[in-house]
Amino acid sequence: MTHVYHLLKEQFANTGLMFRMSAYDIKSLYQMHYLGALWQFLTPAVQIFVYWFVFGIGIRGGAPVGDIPFFVWLLCGLIPWFFIGPSLVQGSNSIYTKINLVSKMKFPVSILPAITIISKSANFYIMLAILTGIVYFNGINPGIFLLQLPYYLLCLYVFLFAFTILASTISIIIRDFQLFLQSMMRLLFFLTPILWEPSRMPEVYHQILKLNPFYYLIFGFRDTFLGQGWFYEDLTYTLYFWALTLLILFIGAVLHFKFRKKFIDFL
Amino acid sequence: MKTKVSFSNVTKVYNLYKRKSDKLLGIIFPGYKEKQFNAIYELSFDVREGETIGVVGINGSGKSTLSNLLAQVVPPTSGDININGEPSLIAISAGLNGHLSGIENIRLKCLMLGMENSEVERLIPQIIEFADIGDFMDQPVKNYSSGMKARLGFAISVHTNPDILIVDEALSVGDQTFYERCIKKINEFKQEGKTIFFISHSIGQIQSISDRVMWLHFGQLKEFGPAETVIKKYQGFIDWFNNLDTKAQKNYKAKELKAQSHERMNQNEKKRKPGKGDILAGLQAVVILLFTVFAAALLLMDQPVSALWETDDEETREETAEENGLENEGEADEEESPAVEIEEAGFITAEDAAIYESEDLASETEELEFGELVFVSEETDGIYYIEAEENEGYVESAHVTLESGINESAVSIEDLSVIFPDVFSASWQYHLAHMNLEEEDVRDTYEGLTDEGETDDQETYLEYGYDEAVFYFDDEELTRLVISNVNADEEDFESIREDQAVLADEGVIYYFETDDYGITVNMDDETVEISHSRLSELL
């Protein structure tokens, strides 16, 4: 636990640096493209359209989920995923890509994954605002359920942070891990009920699917925006999610501190 | 004067793995080592504040490793390094990102050193001025010549206010004008009392800058002393070496390199014992892992925790239940709402009734359709436990009607005829006369067939659209007649259904029985179904 404590202390001691670096990242990201920051919204918009067309119109024949239009239902899952996916993959690669740079100076390496997550956040919040608009526009009023949004954002950030700390450490030691992670994320995108509805599945499979922590996050956001339930209604699942997150964070912190001094040797 | 940098018995070992997998094995089993190379071996020295140290040595003598150790880029394998201050390493293109432009690199490096934005903006003009690479400042660094990279790197490093400056060959690619400027800056630093390590192959440069010179030879400190004397000796060695013939040079190098990689092999056999911290961390990891597995198991085991929460409202009850174990909890439930034995047949009288696995109506397993036969064994708090043909479970009692609940109704088809659609009611007796015919006969006698076919349940049907009537047959036998577009909100019907209706499901379905027929009125679909099978007969 001391490792986790040190890790968190290092994050909080460097919040200023973290935010300045993230701001720099965002500014420089799309500088060499003609359409600039517009790409941050063009890419997801095209994807949303294609998924909606293929899964909503093509496979479901436009049928709503319960009384929620499929498009809104899809967006509630897809928008968090647009944040989760790239944050995880790039966050896991963050130390590797910057190690040459940071190793020549005294720099708290452990904040690199957090920097990636923060720089992806700006886009995410704009999309969440748009999502809220779309939800209201469709006559769905989540009302008081929106209050649990901070809780699910906390879940999201803690999980992303824990996972990227662990994965960024492993992917320096074993480069193959990065490739493995990328294909895993592509798989998990389909294994997490983002594009399809799990209710028709036999209960056993459903419960097994729930072991995937992204399920918790995606459905948390759905419950929040569609006003379908509170996070404390399924305490077992909440308990499981936090236990898993803590486990990942713990192993991540231990490995990170064990290997951080030697990172440069592994390259 | 204070000691700024102090090395004591510092050794840096590089493991030479042939394959990637060997590297991994080396991480997992610290004892697994194929071949080792000591870049620096047992190096000890002290450097005071304000000194400029020149470092000389032939290729592979460990100069760059030393600069990395000084900059704390790589950790030593053994020994102690004490550095009082912020070291800043300048090597050719060190820490520059090739894809970013010069100005972006300046900004990024400054930010990474933890500077505020205002400070960065203040420094940028000074750095640009010092680097003096003109319009290339806005070009990606990958397009720079090595001289430009060195200029930019040096400019950034000297402006970030380092205590200890490590210049690794960086000046050798710059031209004379830049070199002069750097020397001026370095002399400025010297006067400010900063420590400088100057690594170069140029004996002239070393001599003009250094106070003391360190001669590294195949990883070991050969000489460390006043610039003049060491450089003289080093020059002597170079001359001697150059005068050897090629074969002798080769032999000499091979001998030294072999010693470098061999003698240290045994040095590093120290076994690393797992410390107290490691064991503690392992223990904690196992505890959290077990907890996670436990939570996952709960998740897969039909959510007993949430079930507990929902069935027992009072906390005290829950506590006692937990204390006394599961048996008592069951009893507590019974006291609260005892199960009543019913043991009677009945049938589903909702349009669709869901069967649930548990008493609190969680986890639906299947839906039963209207009219399906069930056996009700007991009732708890408005919930029936039923056994159906293929299923059993809990169902809301409102969805089931027991055999005893059916009373012979006094309604006749004539009473109901008020709701029939006009085209049908005009001759309903004629239509009903067909109810006893077989499929062929209906086909022969009835005119105006608009459609026919087979349903999912393998019933055949004949549709007479003009009369709003559809006849269904099972194996040629007429089973039921469905009349659509009925006027279910007819006033006369209201009184009938209030008084005489036997079964109702939230006002959607009404069921009547006459001597011959079972009649179901579906208000939503606006249909009347007249069937030969009567529910009371089925039981």
Side-chain angles (χ1 to χ4, degrees), chain A residues 1-4 14 16-17 20-21 23-25 27-28 31-32 97-98 100-108 173-176 199 203-204 207-208 210-211 232-251 253-254 257-266, chain B residues 14-15 20 23-24 27 68 71-75 86-91 94-97 99-101 104 107-109 111-117 120 140 157 160 277-278 280-282 284-285 288-289 291-306 309 357 363-365:
Chain A
M1 278 299 138
T2 47
H3 292 293
V4 175
N14 291 298
L17 176 60
R20 283 194 296 272
M21 291 278 295
Y24 175 85
D25 270 4
K27 254 188 267 169
S28 60
Q31 240 169 34
M32 43 193 146
T97 50
K98 289 243 164 67
N100 278 320
L101 219 55
V102 297
S103 62
K104 307 282 178 189
M105 59 179 80
K106 251 191 158 160
F107 185 85
I173 301 168
I174 308 166
R175 273 312 285 160
D176 308 42
S199 60
E203 193 62 15
V204 188
Q207 295 296 340
I208 291 174
K210 281 172 103 175
L211 293 179
Y232 51 75
E233 280 171 17
D234 195 347
L235 273 181
T236 324
Y237 200 19
T238 300
L239 191 74
Y240 166 75
F241 175 80
W242 282 105
L244 182 70
T245 307
L246 186 67
L247 180 70
I248 294 174
L249 181 64
F250 184 81
I251 298 176
V254 170
F257 281 107
K258 196 171 162 64
F259 288 112
R260 75 188 287 173
K261 280 243 148 84
K262 302 184 197 156
F263 277 163
I264 194 78
D265 284 351
F266 288 127
Chain B
Y14 284 106
N15 295 316
K20 267 285 198 204
K23 187 169 135 188
L24 189 61
I27 295 163
N68 282 338
Q72 296 182 313
V73 171
V74 296
E86 281 299 313
S88 174
L89 173 67
I90 313 167
L96 295 178
N97 184 338
H99 294 286
L100 298 178
S101 71
E104 282 169 329
R107 198 164 273 142
L108 181 62
K109 267 205 106 165
L111 281 176
M112 286 175 84
L113 285 166
M115 290 184 196
E116 298 286 338
N117 282 324
V120 176
S157 295
T160 50
D278 286 347
L280 193 68
Q284 285 169 335
I288 305 173
L289 178 69
F291 189 65
T292 312
V293 171
F294 173 69
L298 280 185
L299 200 62
L300 291 174
M301 270 170 20
D302 213 12
Q303 311 177 344
V305 171
S306 55
W309 249 263
E357 259 175 38
S363 36
E364 175 182 333
T365 56

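The chains referred to below are lettered A, B, ... by the order of the sequence lines, with proteins before strands, and numbering in each begins at 1.
- Summarising the geometry of B/A295 relative to A/T236, their closest heavy-atom pair is O-CG2, 4.2 Å, with the distance given to 0.1 Å.
- Options A/G16, A/P108, A/A243 differ in how many heavy-atom pairs under 4.5 Å they form with chain B, and the most are formed by A/A243.
- The contact between A/Y237 and chain B is made by backbone and side chain atoms together, counting heavy-atom distances below 4.5 Å.
- Partners of A/F241 by ring-ring contact (aromatic ring centres under 6.0 Å, His included), not counting sequence neighbours, listed by chain and number: A/F159, A/Y216.
- Residue contact with chain A, scored on non-hydrogen atoms closer than 4.5 Å, is absent for B/F294.
- Counting heavy-atom pairs closer than 4.5 Å to chain B, the top residue among A/V254, A/L246, A/T245 is A/L246.
- Interface residue A/I174: only side-chain heavy atoms are found under 4.5 Å from chain B.
- Rounding to the nearest 0.5 Å places CG of B/L111 at 9.5 Å from CZ of A/F107.
- The distance from the OH atom of A/Y240 to the CG atom of B/L298 is 12.0 Å, given to the nearest 0.5 Å.
- Only the side chain of B/L100 comes within less than 4.5 Å of a heavy atom of chain A; its backbone N, CA, C and O stay farther away.
- The CD atom of B/E116 sits 4.5 Å away from the CZ atom of A/R20 when rounded to the nearest 0.5 Å.
- Rounding to the nearest 0.5 angstrom, the gap separating the OH atom in A/Y24 from the CZ atom in B/R107 is 7.5 Å.
- With rounding to the nearest 0.5 angstrom, the CG atom of A/D25 is 8.0 Å from the CG atom of B/L108.
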